Every structure is written in C-alpha cells, then in structure tokens.
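Taking it in order: structure first as structure tokens, then the write-up.
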Amino acid sequence: MACKVSTALRAVTRAAIGLAAPVMTLGVVALGGIPQAHAANVSGTYIMNWTEICQALQNETLLTENPGTTDTDLLSMLNSVQNGKINQWVGYATFTPTVAGGLSGALSVVNAQTKGSLLVTGLPGPPATPAVNDLGLTIGSSAAPVTGTFSFKLGAALNPGSVTFVVDKAVVLPAFFGQGVGGTITHFEFVGLEPSMGGKACSVHGSAQRR
C-alpha cells in the first residue's frame, strides 16, 4: 500500500535531519538599515526643508602707528575676505522618476526662502558705511517652480546612501532613508559640505517628508 506523507510532515522531517526547510521569500530588502516592503524609490511630492550656512572669513593685519618715533602703537585691523551666507527654505519638492520605480528623474520645487550674508561689517570710512542687514524673503509660486534633476543611491544595512541634486550646479550629499510604504520612501534626511562662495565650504542639511 502506498503511504502518503503530508507537506507539514516532510518539512518537520527535513528539519529533524538538518536539511533546510523550504522558505517563502517576501521580497524584503534593507534600505538605509530599515526593512522595506519593496525595493523602494522616492516619488511624488514631499514637504522639504534646506539649510545652508557658509563660513565667513576675516584676516587680521597688524599696523604700526607713528613708525620711526618714540610714540608708536600697534594697531589691529580686521579685513573681511568672505561674508559667508545663510540660505534657508521650506516648500514642496516633487520627484518624478524617469522610469517607474526609478531612483533618478526630474525635480520641481516651490518654496519660501530666506537668504543673506552671515557677516555684515560696517566700515569707518571716510565715507563711513554702516552695517545694514541684507536678509531677504522670497516666496515662490507653482506657476514658476524651480526645476532640476535628482538621483538617489540607497545605502545597504545601516550605511548611508547619497542624493544628488542638480539645479544650477550638482550637489552630492550623504543621505539616510526611512521606511518605505507601498514601494515609496516616505522620509529621508541629508547632510554634507557644498563647495560654494568661491570655494569656501558651506554646510548643508535638509529633510523631506512625503505628503
């Protein structure tokens, strides 16, 4: 008589003799150290913020007053080389992958932005030039968005990935990605250095949360 063995019994028997039991794969991959339900991408509209601070530079010069006399004084004079920069904005950033599920494509941003010098120096003259704040506020419109391109590289396990934004120039920054929902990453953060202001280093930090 033929003996019928159930699927459950075969699985138990395989485990008992040290064989690997059949495994059902769920298509789970790790992106930025957090399990994802699918191979995730960045797509759609996000509330995004960006903060950029560029260092201000000054040189000190020592001058001798009344040289060649017994009444000399050593004077210190500061010369501003670079006034630095503050640039902050918050707004809607829309990521449109070139292909469905892709990690690169078109970027469109509508934001409100404040921008100005990090250091404002008044000059004694003559003629004297008083220090005047130069911070300004610009509010964008969906009728005239800022456009560019984006590209993401997802990190394995707990290693950072990267994000590349290209608007007027390319900026590549380390990035950390949150959990994906339905194949789409809902949150990511980035930080890094942007060579700007004539080669002077600028620190950049930002984040994005999907609407």
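Everything numeric here is computed off the predicted structure, so don't read it as measured data. Numbers here are sequence positions counted from 1.
Separating the OG atom in Ser151 from the CZ atom in Phe165 is a distance of 10.0 Å, to the nearest 0.5 Å. Within the model, atoms CD1 of Ile86 and CG of Leu118 stand 5.0 Å from one another, a figure rounded to the nearest 0.5 Å. Taking OG1 from Thr184 and CD from Gln179, the interatomic distance works out to 12.5 Å, rounded to the nearest 0.5 Å. Atom-to-atom distance recorded for Asn83:CG and Lys85:NZ is 12.5 Å, nearest 0.5 angstrom.
Clustering ILVMFWY residues whenever any of their side-chain heavy atoms sit less than 4.5 angstrom apart, transitively, puts Val167 in the very cluster that holds Val163. Using a 4.5 Å cut-off between side-chain heavy atoms of Ile, Leu, Val, Met, Phe, Trp and Tyr, with links allowed through other members, Val110 and Val42 fall into different hydrophobic clusters.
Residue pairs meeting the ring pair (Phe, Tyr, Trp, His ring centres under 6.0 Å) criterion with at least one partner in residues 99-133, sequence neighbours excluded, are absent. The list of ring pair (Phe, Tyr, Trp, His ring centres under 6.0 Å) pairs with a residue in residues 135-156, not counting sequence neighbours, reads Phe95-Phe150, Phe95-Phe152, Phe150-Phe152, Phe152-Phe177, Phe152-Phe188. Sequence neighbours left out, the pairs with a member in residues 88-110 that pass side-chain hydrogen bond (donor to acceptor under 3.5 Å, both in side chains) are Thr45-Thr94, Thr51-Gln88. Every pair tested for ring pair (Phe, Tyr, Trp, His ring centres under 6.0 Å) that includes a residue from residues 102-130 fails, sequence neighbours excluded, so the list is empty.
Counting side-chain heavy-atom gaps under 4.5 Å among Ile, Leu, Val, Met, Phe, Trp and Tyr, Leu119 is found in no cluster with other residues. If you chain together ILVMFWY residues whose side-chain heavy atoms come under 4.5 Å of each other, Val99 ends up in a group of its own. Think of Val191 as one node in a network of Ile, Leu, Val, Met, Phe, Trp and Tyr side chains linked at under 4.5 Å; it has no links at all. In the hydrophobic clustering, Val172 connects to no other residue, as no ILVMFWY side-chain heavy atoms lie under 4.5 Å from its own.
Two residues are said to be in side-chain contact when any heavy atoms from C-beta on lie closer than 4.5 Å; Cys202 and Ile53 fail this criterion.
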Donor-acceptor list for residues 137-149 side chains, cut-off 3.5 Å, not counting sequence neighbours:
unit_1, atom_1, unit_2, atom_2, d
Ser141, OG, Ala143, N, 3.1

Under 3.5 Å, which donor-acceptor pairs do the side chains of residues 204-211 form with other protein atoms, sequence neighbours left out?
unit_1, atom_1, unit_2, atom_2, d
His205, NE2, Glu189, OE1, 3.2
Ser207, OG, Asn49, ND2, 2.8
Gln209, OE1, His187, ND1, 2.8
Gln209, NE2, Thr186, O, 3.4
Arg210, NE, Ser43, O, 2.7
Arg210, NH2, Ser43, O, 3.1

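Between Leu193 and Ser203, the shortest heavy-atom contact is CD2-CA, 4.2 Å. When all heavy atoms of Ala40 and Leu154 are compared, the pair lying nearest together is O-CD1, 3.5 Å.
Partners of Val120 under the side chain to side chain contact (heavy atoms under 4.5 Å, CB included) rule, at least two apart in sequence or in another chain, are Ser117, Ala131, Asp134. For Asn87, the side chain to side chain donor-acceptor pair (under 3.5 Å) test picks out Glu52, Gln113, with sequence neighbours left out.
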